[in-house]
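Worksheet for the structure shown next.
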Protein chains: 2
Amino acid sequence: MSQAATRMTQPDWHPDTARAAIAAAAAAAAAKPAAMRAAVAHLETSKIQQVFEAGFGVDNLLPLWVGESDVNTPDFICRAAYESLRAGEARYTHKRGIPELRHAIKTYTDGLYGLDLDVERISVTQSGMHGIMMCMQAFVEAGDNVVTISPVWPNIVAAAEIMGGEVRQVPMHLEDGLFRLDLDRLFDACDENTKVLFFCSPGNPTAWVMPDDQRLAIRDFCRQRGIWVIADEVYHRLVYDRPVAPSILPDIEPEDRVINLHSFSKTWAMTGWRLGWLVHPPEMGETFGKLLEFSNSGCQAFLQRAATTAITEGEPFVQQMVEYCRVGRDIVSQHLNSMPRVRLAQPTAAFYAFFAVDGMTDSLGFALDVLHKTGVGMAPGAAFGAGGEGFLRICFAKSPEMLAEAMDRLRPVLS
Amino acid sequence: MSQAATRMTQPDWHPDTARAAIAAAAAAAAAKPAAMRAAVAHLETSKIQQVFEAGFGVDNLLPLWVGESDVNTPDFICRAAYESLRAGEARYTHKRGIPELRHAIKTYTDGLYGLDLDVERISVTQSGMHGIMMCMQAFVEAGDNVVTISPVWPNIVAAAEIMGGEVRQVPMHLEDGLFRLDLDRLFDACDENTKVLFFCSPGNPTAWVMPDDQRLAIRDFCRQRGIWVIADEVYHRLVYDRPVAPSILPDIEPEDRVINLHSFSKTWAMTGWRLGWLVHPPEMGETFGKLLEFSNSGCQAFLQRAATTAITEGEPFVQQMVEYCRVGRDIVSQHLNSMPRVRLAQPTAAFYAFFAVDGMTDSLGFALDVLHKTGVGMAPGAAFGAGGEGFLRICFAKSPEMLAEAMDRLRPVLS
């Protein structure tokens with residue numbers, strides 16, 4: 001029934017009545033509170049996600065946009081989860097992680113860096129993302145700010161914004177084939193409302209490894225100011241010029257305001273398992289216990305059993321994974337370096353090539369166009385905040401065949 | 001080395017120097033920002049958790065404090081998870097849930113209540129708790145308040161407080177063997193800063209089922225004020241006087257500000273799996289997608305496969321579970337009703353007996369004392385906020401043998 005017809009069936013309809021009704025409805029709408037917080041209404045959908053969704057239905061898709069390998073989780077890890085399930089370990093459990101896993105993480109970390117970590121400093125999380133969100137819950141509220149080195153994973157920014165915080169991004173610059181950070185700019189961005197300084201090394205998306213002197217300077221600056229450092233080290237094992245990436249852990253005292261962020265996703269091909277861990281000051285254990293209780297009430301014991309198996313028996317797999325990524329890295333960098341429009345900092349860690357394309361000013365539009373022309377899925381640099389526009393990111397933790405095919409398809413559009 | 005000895009080896013030590021150093025340290029400590037937000041520093045450890053921890057090392061423990069059964073997750077559900085893992089479904093997946101599970105939830109819900117739900121209204125969460133936390137993130141910030149019917153699960157209060165909100169609890173009263181809610185008091189507790197009205201029916205800890213007229217009155221009141229209703233229905237299947245508990249879903253329009261909260265934990269004996277779902281207005285789908293992305297980045301696809309199996313093939317198991325709990329309910333209520341100091345509202349749903357003990361004014365102290373004397377673990381009523389003191393909660397989703405033994409041990413202390 002048309003609107004006009006509806007009106008005619010209402011005997012008391014009259015222009016004045018209608019105007020009064022519209023005014024009343026408008027007043028009611030104005031009086032009704034907003035459906036949600038402005039901070040949440042303004043959250044942006046990630047530009048990676050936008051390209052990803054444009055890829056549904058694309059033929060012969062080569063998906064290099066997301067940060068995960070095409071290697072399956074090894075079966076010895078999967079079996080450990082099932083055996084634990086069969087043993088009935090599917091009940092509520094320790095909020096901060098089963099003791100076996102926390103001890104296994106201690107032993108693993110001690111072995112990597114020559115430490116003797118207090119187990120009280122380790123809390124198991126439902127992914128690296130969950131660890132970040134709990135940190136923002138603990139440290140950030142309206143009026144506070146978080147300073148990050150960028151280009152940066154957009155989820156860091158969103159987590160701080162959900163808590164009402166402002167995010168200040170200090171961009172690195174690609175210069176003579178290397179990403180470079182200006183520490184003075186970083187420290188100038190901090191003020192008395194800065195609660196967190198976040199960095200990721202080895203970096204996503206840049207594959208940048210923070211120099212030792214900068215890491216120590218950040219530690220000293222934040223120690224003096226009482227600013228929390230979140231050191232995201234989820235790519236610590238994916239490194240091609242040394243056995244393990246430099247960590248902030250050997251540099252700090254237990255009571256320093258430092259959160260060391262980790263994930264099972266990248267090292268053990270467990271992206272879909274959603275498990276990670278934090279190393280934090282011992283006195284933060286109780287707080288993270290509560291934040292775990294009030295977010296997921298503790299991670300699945302049977303998945304934690306599998307993670308324990310991964311970290312204690314997975315070393316041969318990790319070596320294979322590093323070699324797999326090294327081969328991918330070599331294929332991708334050799335090809336990209338031969339394309340005239342491309343500038344690439346040779347990745348010595350992580351599993352990303354983050355490269356500048358001369359003349360490209362709209363990386364989202366470019367990535368969408370290339371996706372439709374070639375079927376190659378790339379993440380637009382603009383997704384990674386300040387300093388990201390003009391770049392594209394591809395993940396090279398893929399088979400040599402897929403990477404070679406992707407490079408062949410990209411050559412015409414990047415030359 | 002003693003402090004005195006240390007001092008003597010420092011040639012420049014002098015009382016004035018020491019006083020100056022102490023003053024400087026105090027000034028530095030005062031200048032240093034607080035380690036964390038006041039709202040998080042003030043979070044209370046749950047009193048259930050306090051009794052639980054006191055239970056480590058107790059001989060012959062009968063643990064009736066936590067809300068979970070002693071029935072293992074059925075193997076056909078566990079196997080579905082392992083088969084999915086072996087098929088390689090351990091990668092990043094749909095943020096709001098795999099399509100198979102969202103459709104299975106739609107079919108299940110449609111069947112229970114005679115609806116035709118839009119799948120767009122369904123989002124899969126990493127537990128009921130995770131669903132609650134995302135609601136608080138979406139709706140609540142400093143200056144806002146959340147009104148709840150109490151006694152209430154303490155985690156609801158904590159989630160609102162983490163977001164900076166104030167929680168107003170409106171207690172029910174046990175009268176003539178029934179819990180009763182005064183709607184006028186509930187509505188009087190709401191003001192222009194009320195963003196959420198939370199209730200749980202069937203209730204934890206009370207096992208209370210909200211009368212139909214009160215549910216409709218709450219719907220109308222909140223619809224008019226633009227207040228979000230969170231209707232926690234995780235105990236919807238554990239009901240002993242009808243096939244399914246009354247739900248708010250058939251009463252509402254899709255666009256009403258209502259979140260219907262669910263969990264796989266109780267119905268399918270999957271407490272340790274950490275999976276649940278929300279039914280929400282269709283236009284909230286994008287928001288929950290973002291909040292999922294920025295909290296756990298989507299739940300494990302292989303666990304969601306198992307949940308799909310549970311909800312589509314688990315109906316015979318659910319019937320067994322209801323019968324198991326009904327037997328437990330009968331044992332517990334028969335015994336408790338014969339104990340002179342006990343007053344119990346006969347539970348017609350959920351799996352809790354929440355009973356008053358005459359003369360008990362400190363339920364935490366009493367529960368700790370009984371734990372040490374008898375080995376029976378109970379949750380103190382004070383854990384559940386306003387109106388909870390003077391009560392104890394036990395979970396009766398346990399074997400008849402364990403429950404009978406627990407009742408025998410409790411009789412002397414409750415008589």
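Below, chains carry the letters A, B, ... as their sequence lines are ordered, and counting in each starts from 1.
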Does the plane of the ring in A:W273 sit parallel, tilted or perpendicular to the ring in B:F302? Use 30° and 60° as the thresholds.
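Ring orientation, 0 to 90° scale: tilted.
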
[X] vs [Y] side-chain heavy atoms within contact, under 4.5 Å:
X: A:N296; Y: B:N296; value: no
X: B:R37; Y: A:F139; value: no
X: B:Q126; Y: A:Q300; value: yes

Counting only non-hydrogen atoms closer than 4.5 Å, does [X] touch chain B with its backbone (N, CA, C, O), its side chain (CB onward), both, or neither?
X: A:E44; answer: backbone
X: A:M134; answer: neither
X: A:A39; answer: neither
X: A:R91; answer: both
X: A:L303; answer: side chain
X: A:S127; answer: side chain

What part of B:T45 gets closer than 4.5 Å to chain A, counting heavy atoms only: side chain, backbone, both or neither?
both

Sort B:E286 into side chain, backbone, both or neither according to what part of it lies under 4.5 angstrom from a heavy atom of chain A.
side chain

Residue among [options] with most heavy-atom pairs under 4.5 Å to chain A:
options: B:R257, B:R79, B:E293; answer: B:R257
options: B:H130, B:M284, B:Q137; answer: B:Q137
options: B:T125, B:L291, B:T93, B:V140; answer: B:V140
options: B:R86, B:K95, B:M133; answer: B:M133

Could you state the interatomic distance from CZ (A:R274) to OG (B:S295), rounded to the nearest 0.5 Å?
9.5 Å

To the nearest 0.5 Å, what is the distance between CE (B:M36) and NZ (A:K195)?
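It is 12.5 Å, given to the nearest 0.5 Å.
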
Pull out the residues in residues 67-74 of chain A that come under 4.5 Å of chain B, heavy atom to heavy atom, sorted by number.
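Only A:G67, A:E68, A:S69, A:D70, A:V71, A:N72, A:T73 of residues 67-74 of chain A have a heavy atom under 4.5 Å from chain B.
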
Check against side chain to side chain contact (heavy atoms under 4.5 Å, CB included), B:M163 and A:M163
CA-CA 7 Å; B:M163 292 309 298; A:M163 293 309 298; 3.7 Å; yes

Does B:W228 reach the main-chain N or O of A:A35 with its side chain, forming a donor-acceptor pair under 3.5 Å?
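Answer holds: yes.
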
Could you tell me which non-hydrogen atom of A:K266 sits nearest to which non-hydrogen atom of B:Y92, and how far apart they are?
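Scanning both residues completely, I find the closest heavy atoms to be NZ-OH, 3.0 Å.
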
Select, from A:S297, A:G88, A:A159, the one with the greatest count of heavy-atom pairs under 4.5 Å involving chain B.
A:S297

When only pairs under 4.5 Å are counted, which of A:T271, A:I227, A:I77 shares the most heavy-atom pairs with chain B?
A:T271

Test side chain to side chain contact (heavy atoms under 4.5 Å, CB included) on A:L85 and B:Y82 and set out the steps.
CA-CA 9 Å; A:L85 266 180; B:Y82 184 50; over 6 Å; no

